[in-house]
Amino acid sequence: MRHFLSLFDVSDDELKRIFELGHQLKSRLKSGVREPILQGKVAGLLFEKPSLRTRVSFEAGMAQLGGSSLFLGEDVGWGKREAPQDFSRVIGQYLDVIVCRAKSHDKVETLAKYADTVIINGLTDLCHPCQALADLMTIHEEFGKLEGQKLTFVGDGNNVSRSLALACAKMDMTFTLAHPKGYEIEQEFIDRILKVSPDAKIQQTTDPIAAVDGACAVYTDVWASMGQEAEQAKREKDFADFQVNQKLMDAAGKDAIFLHCLPAKRGQEVTDEVMDCPTSRIVEQAGNRMHAQKGLLVWLLTEAVDKIHVD
């Protein structure tokens, strides 16, 4: 049994296989083919945080693959009515996979420790691996390859940028973070990446113009995520020079695409002009959440993945 708590849980070749499956399943869906590969399989969506893309993409993906899903919100009492080990052992008997969206990464690790079923990290404070799958899938579709490409993230060293740094390292891409002073990815996490990908090309700078030079994609996120509302005013001041606007996109080059994990605060971390420009791929990126996760689900839950082919 395999878990997907972070991208550290898959090898480079396994990650490529997940992308391959995602592309194949997306192509087949466009052709009107919905094979019941996961018929009878049940996914539980155990969420502590609100969600649009993560919840709907997993529910729709499971349905298209012939399986079913259950949304498990606060009413199930996770971490409240029962000890974590009791809850995990019980729920693990009912489900084939649990997608967990938690405030703390420790809670997902505890779930994986005790639940006798596959666990997928749907978002934690540490990382957001499913988002990174969709992001790189979008870049691959746009440019035909990942190797040698450069992705620049303009923002802070948060869960999304950590996952992107690791994903880029695994796919032989350059990752650059443009951040205000004090908001970089911590060295401990960079060191973890270097242990598994010694040739990783990870750069961090406080100069956003220099950061986007040569980037195939410029990516940003909200300045204050869920749980950081008390820091909103300070972050608005600290990030004032890190807005993704047309001037910054022009510095990246005419072929650079714009990405955002959404939801966005238009007019703050990114302008309307960039969100809606011809090279914005935010809609396709959001759509690829489902396609990439379908590849992940098939890879995790069936031994017959090699039987899936595009005619």
Side-chain angles (χ1 to χ4, degrees), residues 47 49-58 60 101 103 122-125 127-139 141-142 151-165 167-168 175-180 183 185 208-209 211-212 215-253 255-293:
F47 282 24
K49 287 188 170 186
S51 171
L52 168 63
R53 280 153 292 276
T54 302
R55 176 179 177 177
V56 178
S57 60
F58 268 109
R101 187 175 174 91
K103 296 176 182 178
L123 176 142
T124 67
D125 58 338
C127 57
H128 198 355
C130 291
Q131 180 66 55
L133 292 181
D135 300 338
L136 265 60
M137 183 174 179
T138 306
I139 292 172
E141 288 179 337
E142 185 73 21
L151 169 62
T152 296
F153 188 96
V154 183
D156 65 342
N158 63 10
N159 50 3
V160 175
S161 59
R162 289 190 198 98
S163 292
L164 287 170
C168 287
F175 175 81
T176 301
L177 175 65
H179 63 89
Y183 288 92
I185 298 174
I209 295 293
V212 301
C216 73
V218 177
Y219 195 134
T220 194
D221 192 2
V222 292
W223 291 340
S225 299
M226 285 183 286
Q228 296 175 330
E229 290 79 7
E231 303 174 33
Q232 181 69 42
K234 182 179 186 304
R235 282 175 169 260
E236 286 183 16
K237 180 180 178 181
D238 293 345
F239 284 82
D241 295 330
F242 289 81
Q243 182 188 69
V244 178
N245 48 37
Q246 195 57 52
K247 177 182 177 181
L248 192 63
M249 291 301 298
D250 288 343
D255 295 326
I257 62 173
F258 172 71
L259 300 175
H260 195 303
C261 51
L262 301 180
K265 291 188 177 180
R266 288 171 175 252
Q268 191 170 105
E269 76 272 7
V270 58
T271 62
D272 282 338
E273 183 180 14
V274 171
M275 285 283 284
D276 301 324
C277 72
T279 56
S280 173
R281 294 293 179 268
I282 58 173
V283 174
E284 295 84 352
Q285 176 188 10
N288 280 336
R289 286 293 305 275
M290 181 181 73
H291 303 300
Q293 288 161 189

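Each residue takes its place number in the sequence, starting with 1.
- Distance check, rounded to the nearest 0.5 Å: SG of Cys261 to CG of Asn158 gives 7.0 Å.
- Rounded to the nearest 0.5 Å, atoms CG (Asp221) and CZ (Phe153) are 5.0 Å apart.
- Closest approach of Arg162 and Gly157 over heavy atoms only: NH2-O, 3.3 Å.
- Looking at Leu248 and Pro208, their side chains come closer than 4.5 Å, going by heavy atoms from C-beta outward.
- Taking both residues in full, the closest heavy atoms of Val270 and Ala264 are given as CG1-CB, 4.4 Å, listed atom of the first, atom of the second, then distance.
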Report task. Determine, step by step, whether Asp125 and Lys103 satisfy the side-chain contact (heavy atoms from CB on, under 4.5 Å) criterion, reporting the C-alpha distance in whole Å, the side-chain angles of both residues, the deciding distance to 0.1 Å, and the verdict. Result -> CA-CA 6 Å; Asp125 58 338; Lys103 296 176 182 178; over 6 Å; no
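- Nearest heavy-atom pair across Arg101 and Pro50 is NE-O, 3.1 Å.
- Heavy-atom neighbours of Lys247 NZ from other residues, nucleotides or ligands within 6.0 Å: at or below the threshold of 12.
- No side-chain donor-acceptor contact under 3.5 Å links Ser280 to the backbone of Cys277.
- Within the 4.5 Å cutoff, the side chain of Gln285 has no heavy atoms near those of the Glu141 side chain.
- The salt bridge (charged side-chain N to carboxylate O under 4.0 Å, His left out) analysis of residues 279-288, with sequence neighbours excluded, yields the pairs Glu142-Arg281.
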Query raised in the report: Between Val218 and Met249, is a side-chain contact (heavy atoms from CB on, under 4.5 Å) present by the stated rule, with each step listed?
Result: CA-CA 7 Å; Val218 177; Met249 291 301 298; 3.7 Å; yes
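- Here the side chains of Ser163 and Val160 are not in contact, with every heavy-atom distance at 4.5 Å or above.
- Between Thr220 and Glu269, the side chains place no donor N or O within less than 3.5 Å of an acceptor N or O (distance only, hydrogens not considered).
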Requested in this report: Give the intermediate values and the outcome of side-chain contact (heavy atoms from CB on, under 4.5 Å) for residues Thr176 and Val212.
Outcome: CA-CA 8 Å; Thr176 301; Val212 301; over 6 Å; no
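- Applying the ring pair (Phe, Tyr, Trp, His ring centres under 6.0 Å) test to every pair with at least one member in residues 262-293, sequence neighbours left out, gives no pairs at all.
- The nearest pair of heavy atoms linking Ile282 to Leu262 is O-CD1, 4.3 Å.
- Between Leu151 and Cys168, the shortest heavy-atom contact is CD2-SG, 3.8 Å.
- In this structure, Thr138 and Leu259 have side chains that are in contact, with non-hydrogen atoms separated by less than 4.5 Å.
- Every pair tested for ring pair (Phe, Tyr, Trp, His ring centres under 6.0 Å) that includes a residue from residues 258-283 fails, sequence neighbours excluded, so the list is empty.
- Taking all atoms of both residues into account, the shortest heavy-atom contact from Ser57 to Gln293 is OG-NE2, 2.9 Å.
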Query raised in the report: Would Gln246 and Val274 satisfy side-chain contact (heavy atoms from CB on, under 4.5 Å), going step by step from the backbone distance to the final call?
Result: CA-CA 6 Å; Gln246 195 57 52; Val274 171; 4.2 Å; yes
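- In this structure, Leu177 and Asp156 have side chains that are not in contact, with every pair of non-hydrogen atoms separated by 4.5 Å or more.
- Atom OG1 in Thr54 sits 13.5 Å away from atom CE in Met290 (nearest 0.5 Å).
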Requested in this report: Start with the C-alpha distance between Arg266 and Asp276, add both sets of side-chain angles, then the distance that settles salt bridge (Lys or Arg N to Asp or Glu O under 4.0 Å), and finish with yes or no.
Outcome: CA-CA 10 Å; Arg266 288 171 175 252; Asp276 301 324; 2.9 Å; yes
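- Side chains of Phe175 and Ile185 form a contact here, defined as non-hydrogen atoms less than 4.5 Å apart.
- Of the inter-residue distances, the one linking Cys130 atom SG with Arg53 atom CZ reads 14.0 Å to the nearest 0.5 angstrom.
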Report task. Kindly indicate, with the supporting measurements, whether the criterion ring pair (Phe, Tyr, Trp, His ring centres under 6.0 Å) is fulfilled by Phe242 and Tyr183. Result -> CA-CA 12 Å; Phe242 289 81; Tyr183 288 92; 8.9 Å; no
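- For the atom pair Asn159 CG and His128 NE2, the distance stands at 6.5 Å (nearest 0.5 Å).
- Side-chain atoms of Lys265 and Glu236, non-hydrogen and from C-beta on, never get closer than 4.5 Å to each other.
- Residues Gln243 and Thr271 form a side-chain contact, since some pair of their non-hydrogen atoms from C-beta on lies under 4.5 Å apart.
- Atoms SG and CD1, on Cys216 and Ile257 in that order, are 6.0 Å from each other to the nearest 0.5 Å.
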